[in-house]
**Student:** 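Sharing a structure, written as structure tokens. Questions coming.
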Amino acid sequence: MGQTDFRFGGASGVAVAKSKAASVDEAVAELAAQLPSDELALILVFLSPSYDPHHFIAEITRQFDETQVCGCTTAGELAPDGWDENSVVALAFSRADFSAAVRPILNLDGFRVEDGRRIGGELRHELLRVTPQVDRGNPFGLVLIDGLCRREEAVMSAIYASLDDIPVVGGSAGDGMRFEKTWVFCDGKAHTNAALLILLNTSLPFRVFKCDNFEPSPQKMVVTEADIENRTVRELNAEPAAQEYSRMVGILDAKLDPFSFASHPVLVRVGGAYYARSIQRVEPDGSLHFFCAIDEGMVLTAATSRSLVGSTCDTFTEIRDQIGEVSLYIGFECLLRRLDAEQHQLARDMSDLYRQNRVVGFHTYGEQFGSMHVNQTFTGVAIGRRPS
């Protein structure tokens with residue numbers, strides 16, 4: 001392995017593969033044919049729920065038996081050739097450019113803040129141990145988490161506090177549009193009710209990023225009754241939640257569905273910035289079930305939209321201005337951004353934009369950025385090119 005190893009794109013430390021094979025065994029074989037088999041720090045996989053997760057992670061771990069393989073299920077894949085479904089995408093990180101440390105966090109229903117802080121601190125020390133002194137650059141973190149666990153906020157807050165300002169991004173695993181069960185992969189097994197913390201150290205330039213296309217409007221809604229544990233809002237402004245939401249965002253004549261929520265998210269102000277809080281579904285009693293944590297007394301602001309394509313282009317331009325040419329974006333994009341693009345006939349434009357900029361990742365049930373769990377956002381890390 002050296003600086004001209006073109007298995008990793010020459011100036012990039014990451015090789016990318018994709019398969020749409022019908023069976024797990026065929027998909028793993030296709031990925032293995034596309035990826036290097038040695039000198040790897042980590043393999044990261046994003047798997048459509050159309051594949052059996054247990055069979056897949058067991059088979060790909062057997063195939064790459066000397067390399068840590070981790071990943072999760074998706075609500076759609078960000079593939080080298082654009083947006084896709086019913087596929088699997090894999091990234092192989094070169095040991096010449098990256099060192100990696102991975103830790104699963106199991107049984108999230110019993111997660112405690114001290115658990116996250118301990119795991120984050122231990123993994124920082126492990127990353128130092130596995131990174132050769134001469135190769136030490138800068139670390140960043142990725143978090144993959146069960147997208148139906150309802151514990152993202154607690155996990156992210158605890159982990160971030162333990163990492164000494166290491167930048168962290170990530171995504172909540174998906175299950176297509178079924179919302180039944182999501183999986184994360186580590187140590188040859190598929191886990192639900194679990195998360196993964198991945199720390200990567202690299203000498204390559206990189207930047208973590210967050211992109212959305214919403215701005216606050218004057219319309220405010222206060223959560224006046226809620227089931228906090230289940231992320232369900234029963235009343236907004238002391239009115240039935242679905243009815244008041246529809247009135248405030250101006251969709252009284254339309255049935256509320258995922259496309260409605262994709263076009264009309266609400267925002268929460270935290271530390272002077274606004275973050276999206278997206279609605280997953282309407283319950284039979286007219287309450288609203290959210291993807292993110294909610295609380296009574298929380299003020300929700302109706303959002304107005306900017307150009308989805310334009311705001312994403314602006315993000316890519318800003319990153320290039322910061323770190324130069326980008327070899328790869330590892331991206332975590334909310335499922336509702338995809339639904340919004342489809343509803344406004346922008347899916348092809350967005351898919352082409354991601355293909356042109358080499359965005360690889362998955363569509364999520366929520367995104368992580370720093371200590372925050374957010375919705376309807378595109379987060380990730382841009383990996384620059386090796387200096388000549």
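Nothing here was measured: the structure is a model prediction, and the numbers come from that model.
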**Student:** Over 60° means perpendicular and under 30° means parallel, so tell me whether Phe291 and Tyr365 are parallel, tilted or perpendicular.
**Tutor:** tilted

**Student:** In chain order, what residues pass the side-chain hydrogen bond (donor to acceptor under 3.5 Å, both in side chains) check against Asp187, with sequence neighbours excluded?
**Tutor:**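 Asp187: no side-chain hydrogen bond (donor to acceptor under 3.5 Å, both in side chains) contacts found.
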
**Student:** Identify which one of Val102, Leu197, Leu44 satisfies the side chain to side chain contact (heavy atoms under 4.5 Å, CB included) criterion when paired with Leu144.
**Tutor:** Leu44

**Student:** Between the side chain of Asn213 and the main-chain N/O of Arg306, is any donor-acceptor distance below 3.5 Å?
**Tutor:**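 Yes; at least one donor-acceptor contact below 3.5 Å.
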
**Student:** Are the charged groups of Arg281 and Asp257 less than 4.0 angstrom apart, N to O?
**Tutor:** no

**Student:** In plain terms, say whether Asp97 and Arg386 are close enough for a salt bridge, that is, a side-chain N and a carboxylate O under 4.0 Å apart.
**Tutor:**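 Arg386 and Asp97: salt-bridged.
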
**Student:** Determine, for Arg337 against Glu342, whether the closest basic-nitrogen to carboxylate-oxygen distance falls under 4.0 angstrom.
**Tutor:** no

**Student:** Between the side chains of Thr74 and His363, does any donor sit under 3.5 Å from an acceptor?
**Tutor:**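 Distance-only check fails for Thr74 and His363.
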
**Student:** Name the orientation class of the two ring planes belonging to Phe140 and Phe206 (parallel below 30°, tilted from 30 to 60°, perpendicular beyond 60°).
**Tutor:**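 If you compare the ring of Phe140 with that of Phe206, the planes turn out tilted.
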
**Student:** So Phe362 and Phe332, would you call those rings parallel, tilted or perpendicular, with 30° and 60° as cut-offs?
**Tutor:** perpendicular

**Student:** According to side-chain hydrogen bond (donor to acceptor under 3.5 Å, both in side chains), who are the partners of Gln368, at least two apart in sequence or on a separate chain?
**Tutor:**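 With neighbours one apart ignored, the set is Ser172, His373.
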
**Student:** What residues, two or more places apart in sequence or in another chain, satisfy side-chain hydrogen bond (donor to acceptor under 3.5 Å, both in side chains) together with His344?
**Tutor:** Asp340

**Student:** Looking at Asp212 and Lys210, is there a salt bridge between them, counting it only when a charged N and a carboxylate O are closer than 4.0 Å?
**Tutor:** yes

